[in-house]
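Below: the structure, in structure tokens.
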There are 2 protein chains.
Amino acid sequence: MEDNPAVKTVNRLVEVLDSFSSRRSGWSLTELSEHLDIPKSTLHRFLLALEAHGILQRDPKDRRWRLGYRPLLWGRLAANHSGLQVVARPVMESLAAETGETVLLTVYQNGEVVCIEKVDSPHAIRLAMDVGTRRPPHAGASSKVLMAYLPPDEIEALLQRGLPRLCTNTITDPQALREELARIREQGYAFSMEETDLGAWGVATPIWSPQGEVIAAIGLAGPTFRMSEESVQQYVRLCRQAAEQISRFLIFAHS
Amino acid sequence: MEDNPAVKTVNRLVEVLDSFSSRRSGWSLTELSEHLDIPKSTLHRFLLALEAHGILQRDPKDRRWRLGYRPLLWGRLAANHSGLQVVARPVMESLAAETGETVLLTVYQNGEVVCIEKVDSPHAIRLAMDVGTRRPPHAGASSKVLMAYLPPDEIEALLQRGLPRLCTNTITDPQALREELARIREQGYAFSMEETDLGAWGVATPIWSPQGEVIAAIGLAGPTFRMSEESVQQYVRLCRQAAEQISRFLIFAHS
DNA sequence: GGGGGCGTTCCAATTTTTGGAATGATAATC
DNA sequence: GATTATCATTCCAAAAATTGGAACGCCCCC
């Protein structure tokens with residue numbers, strides 16, 4: 001997947017840890033071996049190494065592998081160090097309260113867009129996206145915003161890679177997407193309607209670092225039946241305010 | 001440190017991530033290279049690999065390495081999956097409220113005792129221990145409790161390894177510690193007074209899994225001037241209640 | 001404009017990881 | 001209680017990955 005100076009073991013570690021999700025908290029050796037297509041002996045050795053460091057642990061009850069205590073420590077540290085999440089959370093909460101829609105915080109990572117924080121809409125019918133979910137960078141408001149502010153050559157590389165259709169309105173033509181990204185940079189926000197999921201819309205604005213780089217996007221998304229022309233404009237305004245507020249906090253956060 | 005089928009890259013990963021702490025959130029390549037005594041070229045390649053997965057990131061401002069977003073995701077998942085922390089937190093909070101002293105949740109891991117959760121005493125003068133702190137298993141109430149319930153051969157191995165003196169009352173004689181551990185198993189709790197830090201005392205009780213294994217310890221600790229014979233007995237009772245409550249919750253937690 | 005610090009790249013030597021096959025352990029079935 | 005599956009664990013020669021010294025490039029400061 002990478003042309004980087006990949007260290008295979010790190011890739012493997014990520015594969016293993018990423019096998020755990022909110023829907024899947026335990027794996028037996030055999031299951032995981034099949035899931036990742038790694039021979040059991042190899043995987044077994046590897047899992048023991050992870051266990052020795054508390055990265056994984058075996059549930060004494062069913063002898064399945066679970067996440068250990070160490071990811072907890074790392075996560076807590078990371079949360080303390082990255083001002084972003086900490087700062088963003090309260091802002092996201094009030095944005096969700098004001099709008100009644102789901103609020104998403106996303107970052108661009110290596111050809112993908114990852115959701116790193118969310119606050120759910122109180123409505124039963126809402127956009128539900130788990131923290132950790134990855135999306136291609138060309139579809140959806142948050143994705144497009146993040147893509148729009150990448151370095152030009154990286155944008156071109158992504159365009160070269162192809163633009164698979166995910167939903168009815170996914171932009172699949174490179175030139176159309178180039179123009180859309182230019183429009184986003186000009187307007188300072190992105191809008192999407194059924195680009196990734198049927199019946200869903202979204203808006204998103206960039207979050208700027210104190211150094212003037214786009215480091216994340218804050219997005220608002222929901223079902224189309226709760227959307228109207230006016231509410232979109234309103235939502236864009238609120239989203240932009242939230243993004244600005246977060247950016248401003250970041251200036252104070254670090255040193 | 002291990003006789004396990006160690007995978008070197010995993011050891012290295014843990015070394016690198018453990019270099020980050022609440023007191024140290026950023027490292028330059030050179031600093032980290034010296035800190036860990038790894039050649040720069042090797043470390044550089046490795047850090048790039050971690051960056052490619054979002055495990056680390058470079059702060060655009062000072063170009064130092066920081067923890068990335070991915071540990072956050074892992075930490076969040078681990079928190080959801082391990083009933084322990086989630087269940088223990090409210091119990092710990094009320095224990096801290098009742099006693100006014102710092103409450104610690106610890107686990108045994110590979111020859112060390114690690115603090116995985118804490119609730120601070122409201123007093124200005126209090127025992128302050130960061131989550132993630134490691135301690136040797138022979139000194140301090142929580143440590144002794146966890147050691148007491150290890151398999152006999154593991155206890156012996158730890159005794160063989162030596163019992164360095166950490167403070168005035170550290171038990172450094174193997175036979176004395178054997179007897180102390182037996183007493184702890186009999187009484188069901190551990191007490192310590194200036195075994196790890198001057199002016200500090202602690203009590204701790206084991207937390208049992210539904211499978212009848214000791215999986216963690218809950219401890220209470222503070223400055224000696226706020227301690228008395230009676231309060232200790234009281235604290236032991238409260239600690240034990242808290243541990244039992246947590247154990248009981250655990251039965252319900254998993255499936 | 002040259003010295004020093006820091007980050008990055010390269011590649012042959014070296015070390016680690018690999019994984020098929022054999023062996024234990026445990027649960028399920030007859 | 002013997003027999004058969006299923007899953008976990010160990011072993012070691014072959015294969016693949018990592019290593020790290022050395023050289024290069026960049027930027028800042030004197």
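Within every chain, numbering begins at 1; the chains are lettered A, B, ... in the order of the sequence lines, protein sequences first and strands thereafter. Everything quoted here is computed from the prediction, not taken from an experiment. Just so it is clear, the values below take in all heavy atoms, side chains as well, and ignore hydrogens, waters and symmetry mates.
- Phosphate proximity of D/dT19 to B/R12: present, with a side-chain N or O under 4.0 Å from OP1 or OP2.
- Under a 4.0 Å N-O distance rule, the pair B/R24/B/E31 qualifies as a salt bridge.
- In this structure, A/E34 and A/L29 have side chains that are not in contact, with every pair of non-hydrogen atoms separated by 4.5 Å or more.
- One interatomic measurement links the two molecules: CG of B/L36 to C1' of D/dG20, which rounds to 16 Å at whole-angstrom precision.
- For the OP1/OP2 pair of C/dG7 and a distance below 4.0 Å, the side-chain nitrogens and oxygens of B/H44 include no atom meeting the criterion.
- D/dC7 atom P lies 16 Å from atom CG of A/L47, rounded to whole Å.
- Toward the 5' end of DNA chain C, the nearer of the two residues A/S41 and A/T9, judged by each one's closest nucleotide, is A/T9.
- Closest-nucleotide positions on DNA chain D for A/E31 and B/I38 were compared, and the one nearer the 5' end corresponds to A/E31.
- The CG-P distance, from B/L43 to C/dC6, rounds to 14 Å in whole Å.
- Between A/V10 and A/L29, the residue anchored nearer the 5' end of DNA chain D, judged by the nucleotide with its closest heavy atom, is A/L29.
- Following rounding to the nearest Å, A/L13 (CG) and C/dT16 (P) show an atom-to-atom distance of 19 Å.
- We find the CD1-CD distance between A/I218 and A/E117 to be 10.0 Å, quoted to the nearest 0.5 Å.
- Here the options are B/L158, B/D153, B/L159, the test is side chain to side chain contact (heavy atoms under 4.5 Å, CB included), and the partner is B/I155; only B/L159 passes.
- The base of C/dG7 has none of its N or O atoms less than 3.5 Å from a complementary donor or acceptor on the side chain of B/S28.
- Checking the phosphate oxygens (OP1, OP2) of D/dG20, a side-chain nitrogen or oxygen of B/T42 falls inside 4.0 Å.
- For B/T30 against C/dG7, no side-chain N or O and base N or O form a donor-acceptor pair under 3.5 Å.
- Checking C/dT18, D/dG20, C/dG7 against the side-chain heavy atoms of B/R58 singles out C/dG7 as nearest.
- Note: B/W27 and B/F20 have perpendicular aromatic rings, judged against thresholds of 30 and 60 degrees for the angle between ring planes.
- Straight-line distance from the CZ atom of A/F46 to the P atom of D/dA17: 14 Å, rounded to whole Å.
- When rounded to the nearest whole Å, the span between NZ of A/K40 and P of C/dG19 equals 15 Å.
- As rounded to whole Å, 14 Å separates atom P of C/dC6 from atom CG of B/L32.
- Put simply, the side chain of A/R45 and the base of C/dG19 share a donor and an acceptor less than 3.5 Å apart.
- As a whole-Å value, the separation of B/L48 CG from C/dC10 P is 12 Å.
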